[in-house]
Structure formats: structure tokens, C-alpha cells
Amino acid sequence: MAAIDRNTLNEAHRLLGQCILFRGLNPADRKGLVSQARIRNFAAGATIFLMGSTGDSMMAVLKGSVRVSVPSVEGKEIVLAILQPGELLGEIALLDGKQRTADARAMGACSLAILDRRAVLAFLQRHPSGSLRLIEVLCKRLRQSDQQIAEMVFLDLPARLANALMRMADGPAGTHIVLSQRELGNIVGSSRESINKCLREWQRNGIVRIDENEIIITKRAALRALSTPG
């Protein structure tokens, strides 16, 4: 790992302090914890951790985005989440000390702050409010997983795809979503060809615009209407 200059380290600590787990701490407590973080950079496509590996740390995304997925024995996979700066990963295995429940890979070049399990557990013992924030994160993930499962079972492809794009548009990505059609297929449980057909139809209707791997939502209201089965 290349050396990290002091300015980069300070910026990383500032971003880590903005994560949901550490908001509301007084500056001294926050500084004490985030100063223990290790900063690691990952190249596009690099593996951060694999399902079944030891969960001895938790990470916060500082720059770039991280893809969390579950593989199948047939070589297929379902993308559970695409995490953006300020979001956490690896918290489940860190809390119970068991194995990772999914794979995590860098979508593009990204930077992560890594906190060891011992440091996080000691922090949570001293600051019970941090446990409540971590429960918020876990509940949000559980709700998203439940929603994704329900959509797979009950909704057709256009509604599933519209829902996925709306969730991304409501997050840091906004209405400009940089994601391949294959990745979108992994998120909604469909083939790249089916995703392409659906997006092309929406483009003809002026709902989205496709520019290589970028999908630009031009009519949010129309896309939201498609996300609900008629």
C-alpha cells in the first residue's frame, strides 16, 4: 500500500467522522476513534472481502463506491447494495464475530477507512448511543433486503428496474446513474438483454437517456409511476 500523505489522512478522518455511527459525538471522542482507522485504497474491481471470510473489521466508504453481492453455486449473483461515501460495510460480522455474509468489491477506484473489531466494540461500550446508530444501519439494510426480495417475487421487470433506479436517484448518485446494464440486471434479477430492452423503450418515451454506462433520469414522475404495478 502506498504511503498516504497527512492531508489525505486528515480528509479521510473528517469524512469518517461524518458517518452515521459517529455523528453526534463530541469532537474529542470522535477524534479518538477515527484516529485509529487505517486507510486503504482499492483499484477498480479489487476484492475487499469475500463471503465466509473472517469479520474482524468494519469499513466506511470515503471515496468511490463498493458493490456488495451474494454469489450462487451456479456462478450467478444478486447485488444487495452499492455503497457510497459515508456508508458502512462489514458491520454484521464485526458485531457477532462470525464470517462475512456477502462479497464486497470496489466498483471503481475507492478509498476505505478500516476500524478493527476491538476498537469498535470498545467504542460502543463507552458510547451506547453509537449502538443505536449501528442498529439504525442494520435495520435500514434489513428493510432494503426485505423490499428487494418482495420485488423479486411480486413485481415484473419494469417495476423492479424502476424501483431500483428511483432508490439510486434518491441517494448520492442523483439522477445521473453510472452503472452497467449487466450490474443493473444483477440488482433486479434479470439479464443484460432484458434490461437493455426496457431502458431503450423508456428512452424512446423520454423517461431516461442512455449514454454508454450512464443512465440519466429525465422524467422522475414517469419513472416513479412505473415503479408501482398498475
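Side-chain atoms are counted along with the backbone in the values below, which use heavy atoms only and exclude waters and symmetry mates.
- Hydrophobic clustering keeps Leu124 apart from Ile135 (ILVMFWY residues linked when any side-chain heavy atoms are closer than 4.5 Å, directly or through intermediates).
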Discussion item. The test is side-chain contact (heavy atoms from CB on, under 4.5 Å); show your working for Val79 and Val68 and say whether it passes.
Written reply: CA-CA 6 Å; Val79 175; Val68 180; over 6 Å; no
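- Under the side chain to side chain donor-acceptor pair (under 3.5 Å) criterion, Arg167 pairs with Glu151, sequence neighbours left out.
- For Arg38, the side chain to side chain contact (heavy atoms under 4.5 Å, CB included) partners at least two apart in sequence or on another chain are Ile114, Asp116.
- The side chain to side chain contact (heavy atoms under 4.5 Å, CB included) check on Lys197 picks up nothing, with sequence neighbours excluded.
- Annotation: side chain to side chain donor-acceptor pair (under 3.5 Å) contacts of Glu201 (sequence neighbours excluded): none.
- Between Val66 and Leu89, some side-chain heavy-atom pair lies under the 4.5 Å cut-off.
- Between atom OG of residue Ser111 and atom CG of residue Asn41 there is a gap of 4.5 Å, rounded to the nearest 0.5 Å.
- Looking at heavy atoms from C-beta onward, Ile195 lies in side-chain contact with Leu199 at the 4.5 angstrom threshold.
- Side-chain contact between Leu223 and Trp202: present, with at least one pair of heavy atoms (C-beta onward) separated by less than 4.5 Å.
- By the side chain to side chain donor-acceptor pair (under 3.5 Å) test, Ser180 pairs with no residue at all, sequence neighbours left out.
- In this structure, OG on Ser190 lies 6.0 Å from CZ on Arg160, to the nearest 0.5 angstrom.
- In this structure, the salt bridge (charged side-chain N to carboxylate O under 4.0 Å, His left out) partners of Arg141, at least two apart in sequence or on a different chain, are Glu91.
- Interatomic distance, Arg200 CZ to Gln181 CD, rounded to the nearest 0.5 Å: 6.5 Å.
- By the side chain to side chain donor-acceptor pair (under 3.5 Å) test, Ser194 is found to be paired with Ser191, residues two or more places apart in sequence or in another chain being considered.
- For residues 176-190, the set of pairs meeting the salt bridge (Lys or Arg N to Asp or Glu O under 4.0 Å) definition, not counting sequence neighbours, comprises Arg67-Glu183.
- A donor atom on one side chain and an acceptor atom on the other are not found under 3.5 Å apart for Gln84 and Ser65.
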Item to complete: Please lay out, stage by stage, how Ser69 and Asp103 fare under the test side chain to side chain donor-acceptor pair (under 3.5 Å).
Response: CA-CA 5 Å; Ser69 64; Asp103 294 346; 4.7 Å; no
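- Formation of a donor-acceptor pair under 3.5 Å by the Asp156 side chain with backbone atoms of Ala159 is found in this model.
- Nearest heavy-atom pair across Pro85 and Leu62 is CB-O, 3.5 Å.
- For Arg118, there are no side chain to side chain contact (heavy atoms under 4.5 Å, CB included) partners at least two apart in sequence or on another chain.
- The NZ atom of Lys140 sits 13.5 Å away from atom CG of Leu142, with the distance rounded to the nearest 0.5 Å.
- The side-chain heavy atoms of Pro158 and Leu226, taken from C-beta on, include no pair separated by under 4.5 Å.
- Annotation: Arg117, atom CZ; neighbour count of heavy atoms from other residues, nucleotides and ligands within 6.0 Å is above 12.
- When hydrophobic clusters are built by joining Ile, Leu, Val, Met, Phe, Trp and Tyr residues whose side-chain heavy atoms come closer than 4.5 Å, directly or via intermediates, Ile216 is not grouped with Ile210.
- Ile217 and Ile82 end up in the same hydrophobic cluster when Ile, Leu, Val, Met, Phe, Trp and Tyr side chains are linked at under 4.5 Å.
- Considering CE of Met152 and CD1 of Ile187, their distance stands at 9.0 Å, rounded to 0.5 Å.
- In the hydrophobic clustering of ILVMFWY residues, with side-chain heavy atoms under 4.5 Å counting as a link, Leu179 and Leu80 come out apart.
- Looking at Leu184 and Leu165, their side chains come closer than 4.5 Å, going by heavy atoms from C-beta outward.
- Linking ILVMFWY residues whenever their side-chain heavy atoms come closer than 4.5 Å, directly or via other members, leaves Leu112 and Leu88 in distinct clusters.
- In this structure the side chain of Ile78 never reaches within 4.5 angstrom of the side chain of Asn186, judged on heavy atoms.
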Identify all side-chain donor-acceptor contacts of residues 46-60 below 3.5 Å with residues at least two apart in sequence or on another chain.
from, atom 1, to, atom 2, distance (Å)
Thr47, OG1, Arg105, NE, 3.4
Ser53, OG, Leu50, O, 2.6
Ser57, OG, Arg100, NH2, 3.4

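- In this structure Arg224 satisfies the side chain to side chain contact (heavy atoms under 4.5 Å, CB included) test together with Met166, Asp170, Arg220, Ser227, sequence neighbours excluded.
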